[in-house]
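See below for the structure under consideration.
Just so we're clear, the structure is a prediction, and the values are computed from it rather than from any experiment. Side chains included, hydrogens not; waters and symmetry mates left out as well; all remaining heavy atoms used.
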Amino acid sequence: MALAPGESPGFLLWHATLRWQRDISAALAPLGLTHVQFVLLACTWWLNGQGGHPNQQALARQAGTDVKMTSQVVRTLEDKGLVAREVDPADTRAKRLRVTEAGAELAPRAIAAVEEVDARFFGAVPVDQAVTLLARLAHPED
């Protein structure tokens with residue numbers, strides 16, 4: 001017997017995800033970023049801050065995105081002057097990614113905007129419980 005929509009975890013997750021994505025998109029629009037542009041910019045900024053100079057494959061792995069899509073979005077971020085691609089001295093075929101000065105100024109502002117949305121969205125659930133549940137769903141093999 002099929003579950004009613006309000007009793008289906010997947011259906012409820014679908015609706016929650018749509019609401020969260022709308023809120024994130026609204027917060028990022030004034031900054032000129034889409035959600036995926038934000039994720040790739042923020043991940044590049046974070047990896048650079050950790051002393052890393054990721055190539056597109058490493059960035060895709062960090063972000064959980066498709067490598068081809070990552071390449072297209074990084075090109076857009078490069079066109080916007082937020083990310084630069086530089087030849088990797090260890091492998092001249094590979095391009096290392098570096099957040100530009102403009103990207104380094106925008107990334108923390110965008111992260112703050114997203115974290116504000118997250119705080120409102122997940123406010124009804126204690127942070128540790130939300131993180132535990134979402135980590136289990138995101139990485140069931142752990």
Side-chain angles (χ1 to χ4, degrees), residues 1-88 90-91 93-142:
M1 182 151 84
L3 295 173
E7 297 171 346
S8 169
F11 192 69
L12 291 170
L13 179 60
W14 168 252
H15 278 273
T17 301
L18 290 174
R19 193 181 116 226
W20 176 74
Q21 287 177 334
R22 276 192 305 270
D23 293 351
I24 294 290
S25 293
L28 292 172
L31 301 174
L33 294 172
T34 66
H35 196 171
V36 71
Q37 288 170 359
F38 160 75
V39 169
L40 295 176
L41 175 63
C43 285
T44 305
W45 178 79
W46 185 83
L47 289 166
N48 287 174
Q50 301 300 305
H53 299 283
N55 59 26
Q56 290 174 171
Q57 188 172 14
L59 176 60
R61 191 171 39 254
Q62 174 73 23
T65 53
D66 175 76
V67 175
K68 285 185 180 183
M69 185 270 297
T70 298
S71 178
Q72 293 169 344
V73 175
V74 166
R75 188 172 298 116
T76 299
L77 292 171
E78 187 177 33
D79 291 346
K80 290 182 173 196
L82 301 173
V83 171
R85 297 184 215 212
E86 301 169 340
V87 175
D88 186 339
D91 180 359
R93 296 168 299 165
K95 301 285 186 185
R96 296 183 345 176
L97 302 173
R98 176 184 55 80
V99 174
T100 64
E101 188 176 319
E105 186 274 325
L106 181 59
R109 290 178 39 223
I111 290 167
V114 166
E115 286 178 348
E116 187 176 309
V117 169
D118 285 351
R120 281 193 315 269
F121 185 85
F122 294 106
V125 179
V127 173
D128 60 332
Q129 288 180 18
V131 169
T132 299
L133 172 63
L134 294 171
R136 287 184 65 195
L137 294 174
H139 306 287
E141 63 281 349
D142 291 348

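One distance of note links CD of Gln56 with CE of Met69; it measures 11.5 Å at 0.5 Å rounding. Residue Leu106 holds its CG atom at 9.5 Å from CZ of Phe38, rounded to the nearest 0.5 Å. Interatomic distance, Asp118 CG to Ile24 CD1, rounded to the nearest 0.5 Å: 5.0 Å. One finds the CG atom of Leu97 at 7.0 Å from the CZ atom of Arg85 (value rounded to the nearest 0.5 Å). Within the model, atoms NE2 of His53 and CD of Glu86 stand 8.0 Å from one another, a figure rounded to the nearest 0.5 Å. Here Arg96 contributes atom CZ and Thr44 contributes atom OG1; the two are 13.0 Å apart, rounded to the nearest 0.5 Å.
Put simply, the side chain of Thr65 never gets that close to the backbone of Thr70: no donor and acceptor are under 3.5 Å apart. Distance alone, capped at 3.5 Å, places no donor-acceptor pair between the Ser71 side chain and the Val67 backbone. At distances below 3.5 Å, at least one donor-acceptor pair connects side-chain atoms of Asn48 with backbone N or O atoms of Val99.
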- Check against side chain to side chain contact (heavy atoms under 4.5 Å, CB included), Thr34 and Thr76: CA-CA 11 Å; Thr34 66; Thr76 299; over 6 Å; no
- Item | Asp88 and Lys95: CA distance, side-chain angles, deciding distance, side chain to side chain contact (heavy atoms under 4.5 Å, CB included) verdict | CA-CA 5 Å; Asp88 186 339; Lys95 301 285 186 185; over 6 Å; no
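Within 6.0 Å of CD on Gln50 lie more than 12 heavy atoms contributed by other residues, nucleotides or ligands. No more than 12 heavy atoms of other residues, nucleotides or ligands lie within 6.0 Å of CD in Glu116, so this atom counts as exposed by the packing criterion. Open room surrounds CD on Gln57; 12 or fewer heavy atoms of other groups in view lie less than 6.0 Å from it.
Scanning both residues, Leu31 and Ala110, for their nearest heavy atoms gives CD1-CA, 3.5 Å. Listed here is the closest heavy atom pair of Ala130 and Phe122: CB-CD2, 4.4 Å. Among all heavy-atom pairs drawn from Thr100 and Ala84, the shortest one is CG2-N, 3.9 Å. For Gly81 against Ala102, the heavy-atom pair with the smallest separation is O-CB, 3.7 Å.
Only one option out of Ile111, Val83, Val73 pairs with Leu41 in a side chain to side chain contact (heavy atoms under 4.5 Å, CB included); it is Val83.
In this structure, Trp14 and Ser8 have side chains that are not in contact, with every pair of non-hydrogen atoms separated by 4.5 Å or more.
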